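Please read these numbers as outputs of a predicted model, since none were measured by experiment.
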Protein chains: 2
Amino acid sequence: MASPDGSPTAAVPTISVIAKELGVSRSTVSRAFTRPDLLKPETVEKVLAKAQTLGYVPNKVARALSTGQNGVIALIVPDIANPFFPPLIRAAQVDADRQDFCVLLGDSAENPAQESRLITRFTPQVDGLVLAASRLDDAALAEHARRRPVVLINRDVPGMPRVLTDSHTGFMQAIAHLAELGHEHLAYVGGPPGAWSDHQRRRGIAAARTDHGMTLTTFQAEPATYDGGKATVEAILASGATAVLAYDDVVAHGVLAGLTEHGVRVPEDMSVVGCDDVFAATTYPPLTTISLRCAEAGEIAVSVLLDLVAGRSVGDVRHSLDSHLIVRATTGPAPRA
Amino acid sequence: MASPDGSPTAAVPTISVIAKELGVSRSTVSRAFTRPDLLKPETVEKVLAKAQTLGYVPNKVARALSTGQNGVIALIVPDIANPFFPPLIRAAQVDADRQDFCVLLGDSAENPAQESRLITRFTPQVDGLVLAASRLDDAALAEHARRRPVVLINRDVPGMPRVLTDSHTGFMQAIAHLAELGHEHLAYVGGPPGAWSDHQRRRGIAAARTDHGMTLTTFQAEPATYDGGKATVEAILASGATAVLAYDDVVAHGVLAGLTEHGVRVPEDMSVVGCDDVFAATTYPPLTTISLRCAEAGEIAVSVLLDLVAGRSVGDVRHSLDSHLIVRATTGPAPRA
DNA sequence: CATTGTCATGCAACCGGTTGCACATCAAGG
DNA sequence: CCTTGATGTGCAACCGGTTGCATGACAATG
């Protein structure tokens, strides 16, 4: 019974309780969970049934102490509230859960020092870590990876397992799409300077637009948010661009807002393409954007990590997830100049 | 030394090693870290020095097993990707971290069975739990709370500590705002049937609109998502309402999309009000919405929980966080009929 | 019928700490 | 000089599991 102040008084059941109730030894109960093949099937069933009714669940901490396996992994992201990450986090959690692992979540606030601190704090109590869009330098990453298996998301460090959401195909398609609509002058509104994803986008766009003989002007959303995107609009209009490629959907929405404030209609006067596809299903107007399989990235990263933890994996892992353009309502024919 | 494949192999020193090297008992070493006041100062110094040279660090897992203090709390939400939760999750994580606690994250997929499973699984390895928008019934919640301190968010169970983002004030303001604009017939597009937040909104709206002598028709977004919201539009138009109050911002965006598809202009022909204020800073068009202090809810829940864990808290905790209307671009004067 | 092997289970040690209690030492008080 | 109390350490049990080894029961084999 709970005491009036809500502090718990009921004990969490342990193997000892089950063992006593059933008149078997603790080892038997333990084995019912870890090595059921060693027991008579009916014994296993008996134990599991009892565990069920008592609400017993093996204590990972205790297990960790004797086996050295914690059954916990850490996931560290730069900003939980950035809409790119929640689907990734969810997928990671669900996938880990499926393999009986728990997820410790950390938010580094885009801050390398904070990220390093979290990793150090988590390391002793986890079997491995997934670092999404890490802001640490290669050396620091390698150092942390010496203590526990580490899988990177959207960070390409040779020799470390990594999963990349590759925007290249998507941007190629986007630029082809815009070329077809008659656009000749593009603008790219870039994101965080150091980020792998921004590098990758710049390179991809630069390469693709030359294929179509288009002009490209590059801007920087500072910071890479709604407001940052909005602030670039004046410069974009001055550049004469008729189509904007944004670092991500958040920046794209900022650009949309800025354009509207300036009386520029989308898509009649200006086309806008986002990246990530994180808002499509939840906001209006439907944004033409590049879909980046971010949930899948989380899932794969966890799979790779758990393979590593179990000693199953081999070789240099570099998963590249391709992307594709999704045309919705924010792109249209280039305006007649 | 790390083995060639990068897996960590270095042996970690333990109290036993230090004890043997120093010719003292393990208890003495332990006490040098936990209760140095019980030891002769020079003994403490000797132990710490040895620990230093050996690179010893107390094993948290082992400590957790004997003390029952894990330094970990669990946070379970119905859907990590629902934009209401990420700010809450982040705030919770940051606040926990500040007090040296880690956060285990769980996603119940809006499923009571899954939620119960996660709680049971987490319970042995955490010091307490925060359950956001729990889908469990009161009895099940009470049962779980018997094992570990539990703090609820947006679930009002007397006797259990709870933090509520109260939409009442916000909806009062919204309805007053709409009344002032000349609206006489409202529509409410409701959310998940069992949810506390939906109940609360229905009651608040029903009360407020009678104060202004307005008509109210209620609809149900099934499911409570963008698509669900969009699907209600036809019925809303048939009802003759000139203003829509939505369960949350996601549903509101769905309604916006549906209205546009039907050629209904916002706000000229129809006003729309969201709830949660999770998109305002990241999407366009700026939605008139009700701001619920969701990040604060996460922060407060963690504070209360950690107070409880430390035995600091007393009494019946019921934190109600008020809300307010933020007028942006989706509400306007009622159209002349 | 004795022997051997297999199977299911129990015993007890162990993982790395914490902690109640007992014990030894020593100085102060009677 | 004996008692008392304080002080500093050690012993051993405990947290909740896991696991190598031993044991007992029983069936198959010679």
Side-chain angles (χ1 to χ4, degrees), chain A residues 8 10-48 50-51 54-72 100-102 123-125 127 310, chain B residues 9-48 50-51 54-72 120-127 147-148:
Chain A
V12 180
T14 68
I15 45 166
S16 301
V17 174
I18 298 186
K20 193 187 303 181
E21 296 231 349
L22 250 37
V24 300
S25 75
R26 302 195 308 138
S27 339
T28 300
V29 178
S30 172
R31 283 194 265 257
F33 291 93
T34 53
R35 299 292 313 270
D37 54 300
L38 292 179
L39 297 183
K40 199 157 46 174
E42 66 185 61
T43 307
V44 175
E45 201 172 336
K46 215 170 51 177
V47 172
L48 295 184
K50 196 58 159 186
L54 262 49
Y56 167 81
V57 142
N59 182 328
K60 298 224 178 221
V61 174
R63 180 178 293 183
L65 186 55
S66 48
T67 63
Q69 306 259 70
N70 301 72
V72 180
D100 247 338
F101 275 73
C102 302
T123 291
Q125 50 200 314
D127 296 322
Chain B
T9 55
V12 184
T14 67
I15 45 167
S16 301
V17 174
I18 299 186
K20 192 188 301 179
E21 295 231 349
L22 252 38
V24 301
S25 75
R26 304 195 306 137
S27 338
T28 300
V29 178
S30 172
R31 283 194 265 257
F33 291 94
T34 54
R35 298 292 313 272
D37 54 301
L38 292 179
L39 298 183
K40 196 157 48 176
E42 66 186 61
T43 308
V44 174
E45 200 173 335
K46 215 169 51 179
V47 172
L48 295 185
K50 197 60 164 181
L54 261 49
Y56 167 82
V57 151
N59 181 326
K60 294 217 180 231
V61 174
R63 179 176 294 185
L65 185 56
S66 51
T67 62
Q69 307 259 68
N70 304 72
V72 180
T120 305
R121 238 156 81 52
F122 287 168
T123 292
Q125 52 197 317
V126 302
D127 297 323
R147 301 187 188 291
R148 289 283 187 275

B:T123 backbone acceptor or donor facing B:R147 side chain under 3.5 Å: no
Measure the distance from CZ on B:R31 to C1' on C:dC21 and round it to the nearest whole Å. 10 Å
If you assign each of A:L39 and A:R26 to its closest nucleotide in DNA chain C, which residue comes earlier from the 5' end? A:L39
Between which nucleotides of DNA chain D, 5' to 3', does chain A make heavy-atom contacts below 4.0 Å? D:dG16 to D:dG20
Quick one: do A:F33 and A:L48 satisfy side-chain contact (heavy atoms from CB on, under 4.5 Å)? Show the steps, please. CA-CA 8 Å; A:F33 291 93; A:L48 295 184; 3.7 Å; yes
A:D127: partners by side-chain contact (heavy atoms from CB on, under 4.5 Å), with sequence neighbours left out: A:Q69, A:N70, A:F101, A:V309
At a heavy-atom distance below 4.0 Å, what parts of residues 61-72 of chain B sit against DNA chain D? B:L65, B:S66
Would you kindly give the NZ-to-C1' distance between B:K40 and C:dT25, to the nearest whole Å? 10 Å
Apply side-chain hydrogen bond (donor to acceptor under 3.5 Å, both in side chains) to B:R121 and list each qualifying residue two or more places apart in sequence or on a separate chain. A:D97, A:D100
When the axes are fitted on five pairs at both termini, how much does the helix from C:dC1-D:dG30 to C:dG30-D:dC1 curve, in 10° steps? 60°
Remember a base hit wins even if backbone is also touched, and classify B:Y56 as base, sugar-phosphate or nothing at under 4.0 Å, heavy atoms. sugar-phosphate
Considering all heavy atoms, the nearest A:N59-A:V61 contact: OD1-N, 2.7 Å
Walk me through whether B:S27 and B:S30 qualify under side-chain hydrogen bond (donor to acceptor under 3.5 Å, both in side chains). CA-CA 5 Å; B:S27 338; B:S30 172; over 6 Å; no
Distance-only donor-acceptor hits, side chain of residues 36-45 of chain A, under 3.5 Å, sequence neighbours excluded:
from  : atom 1 : to    : atom 2 : distance (Å)
A:D37 : OD1    : A:R35 : NE     : 3.4
A:D37 : OD2    : A:R35 : NH2    : 3.0

For A:R35, report the nucleic acid contact type (base, sugar-phosphate, nothing); a contact means any heavy atom under 4.0 Å. nothing
Which parts of residues 14-25 of chain B get close to DNA chain C, meaning a heavy atom less than 4.0 angstrom away? B:T14, B:I15
Sequence neighbours excluded and cut-off under 3.5 Å, please list the side-chain donor-acceptor pairs for residues 11-22 of chain A, or say none.
from  : atom 1 : to    : atom 2 : distance (Å)
A:T14 : OG1    : A:S16 : N      : 3.3
A:E21 : OE1    : A:K50 : NZ     : 3.0

Distance in Å, B:R148 CZ paired with B:Q125 CD, rounded so as to fall on 0.5 Å steps: 10.0 Å
